[in-house]
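Here is the structure we will look at, set down as structure tokens.
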Amino acid sequence: MTITRFEEIKSWQEARSLTSAIYLATREGGFSRDYGLRDQVRRASVSIMANIAEGFGRSSRREFAQFLGIANGSALEVQSHLYVARDLGYIDAAQFEALMEKAHAVSRLIGGLINHLNKTQETS
């Protein structure tokens with residue numbers, strides 16, 4: 001199957017879902033009033049989606065893989081921010097686990113796509 005639009009990429013779809021969940025979680029309570037952390041975790045989640053999309057539009061698999069690496073870094077940044085939110089009591093244990101699982105899933109998907117691109121680049 002050939003992907004013709006970035007919206008078809010599973011990691012982008014899951015990053016979109018994560019971003020929606022992050023925005024919902026950061027609308028409530030103390031999280032909504034901690035502007036620095038709230039804005040940073042939101043930006044990081046949006047960055048995942050943006051870098052997947054931008055990388056897809058690049059001219060080579062190598063460039064796409066580089067942008068995916070940046071997207072993966074943003075997924076890890078989201079995870080780190082979630083620890084802060086949990087430690088400060090902005091999210092409860094259940095929210096933390098659900099958001100972390102989404103972030104881990106995105107990271108795994110991105111890693112798989114990077115591996116795929118690297119393998120197909122080696123054989124071309």
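By convention here, the first residue in the shown sequence is residue 1.
- The hydrophobic cluster containing Leu88 also contains Phe96, counting ILVMFWY residues as joined when their side-chain heavy atoms lie under 4.5 angstrom apart, directly or transitively.
- In terms of heavy atoms, Ala65 sits closest to Leu117 at N-CD1, 4.0 Å.
- Judged as a side-chain hydrogen bond (donor to acceptor under 3.5 Å, both in side chains), the pairs with a partner in residues 18-30 (not counting sequence neighbours) are, in order, Thr26-Arg42.
- Put simply, the side chain of Glu14 never gets that close to the backbone of Ser11: no donor and acceptor are under 3.5 Å apart.
- Between Val78 and Ala103, the shortest heavy-atom distance links the atoms CG1-CB, 4.5 Å.
- Note that the CG atom of Leu99 and the NE2 atom of His104 stand 11.0 Å from one another [nearest 0.5 Å].
- In terms of heavy-atom proximity, Ile48 sits nearest to Ser74 at CG1-CB, 3.6 Å.
- Residue Ala75 comes nearest to Val106 through the heavy atom pair CB-CG1, 4.5 Å, listed as atom of the first residue, atom of the second, then distance.
- Atom CG of Asn115 and atom CD1 of Ile110 lie 12.0 Å apart (nearest 0.5 Å).
- Of all the heavy atoms in Ile52 and Phe64, the pair that sits closest is O-CE1, 3.6 Å.
- At least one donor-acceptor pair closer than 3.5 Å links the side chain of Arg38 to the backbone N or O of Ser32.
- Here the CH2-CG distance, from Trp12 to Leu109, works out to 14.0 Å after rounding to the nearest 0.5 Å.
- Going from atom CD1 of Ile9 over to atom CE of Met49 covers 11.5 Å, rounded to the nearest 0.5 Å.
- Checked against side-chain hydrogen bond (donor to acceptor under 3.5 Å, both in side chains), Arg43 has the following partners two or more places apart in sequence or in another chain: Gln40.
- In this structure, CD in Gln66 is found 11.5 Å from CG in Asn51, a value given to the nearest 0.5 Å.
- Considering CD of Glu63 and CZ of Phe56, their distance stands at 13.5 Å, rounded to 0.5 Å.
- Both Leu113 and Phe6 are part of a single hydrophobic cluster, where members link through side-chain heavy atoms under 4.5 Å apart.
- Residues Leu76 and Ile70 fall into different hydrophobic clusters, defined by Ile, Leu, Val, Met, Phe, Trp and Tyr side chains chained together at heavy-atom separations under 4.5 Å.
- Cluster membership check: Val46 does not share its hydrophobic cluster with Leu68, using side-chain heavy-atom separations under 4.5 Å among Ile, Leu, Val, Met, Phe, Trp and Tyr.
- For CZ of Arg62, the number of neighbouring non-hydrogen atoms (other residues, nucleotides, ligands) closer than 6.0 Å is 12 at most.
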Determine all donor-acceptor pairs shorter than 3.5 Å in which one atom belongs to a side chain in residues 79-87; sequence neighbours excluded.
residue: His81; atom: NE2; partner: Glu77; partner atom: OE2; Å: 3.1
residue: Arg86; atom: NH1; partner: Ile91; partner atom: O; Å: 3.2

